[in-house]
Amino acid sequence: MDYRIEHDSMGEVKVPANVYWAAQTQRSHENFKIGEGIEVMPREITYAFAVLKKAAAVANNELKPDRMTGEKLEAISQACDEIMRGELNDHFPLVVWQTGSGTQSNMNTNEVIANRGNRIAGKKLLHPNDDINMSQSSNDTFPTAMSIAAVLGLEDKVIPAVQKLVDTFKKLEQDNQGVVKSGRTHLQDATPITFSQEISGWRTSLEKDIRLIQAALPELKELALGGTAVGTGLNAPEGFDTRVARAVSQITGKEFVTAPNKFHALTSKDELVFAHGALKALAADMMKIANDVRWLASGPRLGLGEITIPENEPGSSIMPGKVNPTQCEAVTMVAVQVMGNDATIGIAASQGNFELNVFMPVMIYNFIQSVRLLSEAIISFNDNCAVGIKANAKKMSDNLHNSLMLVTALNPYIGYENAAKTAKKAFKDNISLREACVELGFLSPEEFDKVFHPEKMV
């Protein structure tokens, strides 16, 4: 492999000749061989860094045009656009497990933009620290990248995925109006419910999850940029923070603002904890929905069998014809991963010391993983399972009329204790509620038929 010599404040470093990164990235690449090739800094952070570096150049050009010239701005902007398009991903090799402030990823971005910008300009125009990092510090850029990545992930991935499943459930509700089935509590038979009512519970859970996520967004949209090293804004010109937030908003199409207190923005990660709490709530609801679906589809002959779901692939290497609820299983595995991520994020957020939290890379790594997994699992579940759910109305009706809890309809006529005796006799003697009630002398056959209407119990 061919190498070139780069230098930083610590001296010279050999860097592969075909990459845009430079000395500080190379040092990190060599010093943190932890999870290489697997746990690299998420590309969402790479994208967010390009957004904020372009925005910073725009703000600096407005405030310090003598230092951030139009020529420099143009070269930086082009390089950032290439990064945002994913064209330079191979030049961002660093892993999550690095310095807790994300300093090396900030410098990786600075070096790539500087060297790519110089290539675009055709001359040595840009310096990674003096130009790309102008008016900034790793301590305010990394939390800003976290905020941008989190907002884009929630608004552009998670919410649309959840809304897609909500729309599917709305259609299923309409298709199953009036289909009466047995309700269940404690995994035991309960009073009747319509299948559309059951689906409405799933739908409303997801609609609430969307609102919870939306409630977290305003706090995430407050950017730390402009606080520089410790929150005082040292070396950033007056007005830089508001201008850079405006530029980030223009680039992303989202409404970001500058954080009113940069000391808080650098050290506290409460808004990320809160937002991930909403993701955990979504994961919990998806766990419940997926479990409901696979219980209802259990069988096909020896389970509940009240619904059918699409048969996507063979379910066994030894049992011919077996089909499993695989989409449900994927969703439930994702749910427990997200719940584990929430524990990591909460603990990491508690570790801010004085003016900085140094657990930021692991926090955003887990957050983005939750965003990816939930959005992709929900779309997969929707497209490969939920849209193909069909009610087995006959099985629902059979189960309903076999349910002893229909005896609840008799409470107003024979009383709770007599109704309980009726249910117990029907179960013990393996007879119908009607037969048991008549044999016990609580109602005549005609009286029973007059008051016993399961379809009206919903």
Side-chain angles (χ1 to χ4, degrees), residues 164-206 283-336 376-407 423 426-427 430-433 454-455 457-458:
K164 187 175 187 182
L165 185 53
V166 166
D167 293 341
T168 294
F169 285 153
K170 285 181 179 178
K171 183 178 185 303
L172 282 173
E173 282 181 69
Q174 291 299 317
D175 293 345
N176 290 280
Q177 291 288 334
V179 178
V180 183
K181 62 184 292 290
S182 178
R184 293 178 177 87
T185 58
H186 305 271
L187 291 181
Q188 304 295 306
D189 304 340
T191 54
I193 187 173
T194 66
F195 188 36
S196 60
Q197 288 172 331
E198 193 164 48
I199 297 168
S200 76
W202 302 341
R203 169 184 54 78
T204 301
S205 293
L206 297 179
D285 283 330
M286 286 304 302
M287 173 74 84
K288 182 261 195 286
I289 292 168
N291 279 335
D292 281 358
V293 169
R294 61 178 171 177
W295 270 110
L296 290 171
S298 62
R301 290 186 174 177
L302 305 181
L304 296 180
E306 293 191 344
I307 65 171
T308 58
I309 57 177
E311 298 181 354
N312 296 320
E313 61 275 317
S316 173
S317 62
I318 189 173
M319 293 175 282
K322 193 173 193 300
V323 178
N324 296 328
T326 52
Q327 290 294 322
C328 298
E329 291 164 6
V331 166
T332 55
M333 286 191 288
V334 164
V336 297
E376 291 170 8
I378 290 170
I379 289 174
S380 181
F381 177 78
N382 179 82
D383 294 352
N384 298 302
C385 181
V387 295
I389 290 175
K390 296 187 184 304
N392 184 341
K394 183 179 185 306
K395 188 62 181 288
M396 287 181 176
S397 178
D398 290 346
N399 287 344
L400 173 66
H401 287 87
N402 262 335
S403 172
L404 297 176
M405 289 306 99
L406 295 181
V407 78
F427 181 68
N430 195 26
I431 59 178
S432 69
L433 289 173
E455 69 280 359
M457 296 173 67
V458 298

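Keep in mind that this is a model prediction, so the values were computed, not measured.
Under the 30°/60° scheme for interplanar angles, the aromatic rings of Trp202 and Phe195 are found to stand perpendicular.
A heavy-atom distance below 4.5 Å is not found between the side chains of Leu406 and Leu404. Side-chain contact between Ile307 and Met396: present, with at least one pair of heavy atoms (C-beta onward) separated by less than 4.5 Å. Looking at heavy atoms from C-beta onward, Pro314 lies out of side-chain contact with Lys322 at the 4.5 angstrom threshold.
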Audit row: Asp167, Lys171, salt bridge (Lys or Arg N to Asp or Glu O under 4.0 Å) steps and yes/no: CA-CA 6 Å; Asp167 293 341; Lys171 183 178 185 303; over 6 Å; no
side-chain hydrogen bond (donor to acceptor under 3.5 Å, both in side chains) evaluation trace for Ser380 with Gln327: CA-CA 7 Å; Ser380 181; Gln327 290 294 322; 2.6 Å; yes
Audit row: Ile378, Lys164, side chain to side chain contact (heavy atoms under 4.5 Å, CB included) steps and yes/no: CA-CA 9 Å; Ile378 290 170; Lys164 187 175 187 182; over 6 Å; no
Worked verdict on Glu306 versus Lys390 for salt bridge (Lys or Arg N to Asp or Glu O under 4.0 Å): CA-CA 9 Å; Glu306 293 191 344; Lys390 296 187 184 304; over 6 Å; no
Criterion side chain to side chain contact (heavy atoms under 4.5 Å, CB included) on Asn291 and Ile289, from CA distance to verdict: CA-CA 5 Å; Asn291 279 335; Ile289 292 168; over 6 Å; no
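For the pair Asn399 and Arg184, the tightest heavy-atom approach, listed with the atom from each and the gap, is ND2-NH2, 4.0 Å. Contact record, Val336 with Met333: CG2-O, 3.1 Å, taken as the closest heavy-atom pair. For Ala386 against Leu165, the heavy-atom pair with the smallest separation is CB-CD1, 3.7 Å. Here the shortest heavy-atom pairing between Leu433 and Ser403 reads CD1-O, 3.8 Å. Taking all atoms of both residues into account, the shortest heavy-atom contact from Leu206 to Met286 is CD2-SD, 3.8 Å. Residues Met287 and Thr332 approach most closely at SD-CG2, 3.4 Å, considering heavy atoms.
Side-chain atoms of Thr326 and Glu313 include a donor-acceptor pair closer than 3.5 Å. Between the side chains of Thr168 and Asn382, at least one donor N or O lies within less than 3.5 Å of an accepting N or O.
The structure places CG of Leu296 at 12.0 Å from CZ of Arg294, a figure rounded to the nearest 0.5 Å. Atoms NZ and OG, on Lys170 and Ser196 in that order, are 15.0 Å from each other to the nearest 0.5 Å. The distance from the CZ atom of Arg203 to the CG atom of Asp285 is 13.0 Å, given to the nearest 0.5 Å. To the nearest 0.5 Å, atom OG of residue Ser397 and atom CG of residue Asn392 are 10.0 Å apart. Distance check: Ser182 OG to Met405 CE gives 9.0 Å after rounding to the nearest 0.5 Å. Here OG of Ser200 is found 7.0 Å from CD1 of Ile193. Values are rounded to the nearest 0.5 Å.
Under a cut-off of 6.0 angstrom, the local environment of CD in Glu329 is crowded, with over 12 non-hydrogen atoms contributed by other residues, nucleotides or ligands.
With hydrogens and angles disregarded, a donor-acceptor distance shorter than 3.5 Å links the side chain of Gln197 to the backbone of Thr194. Ser298 places a side-chain N or O within 3.5 Å of a backbone atom of Leu304 that can act as its donor or acceptor partner.
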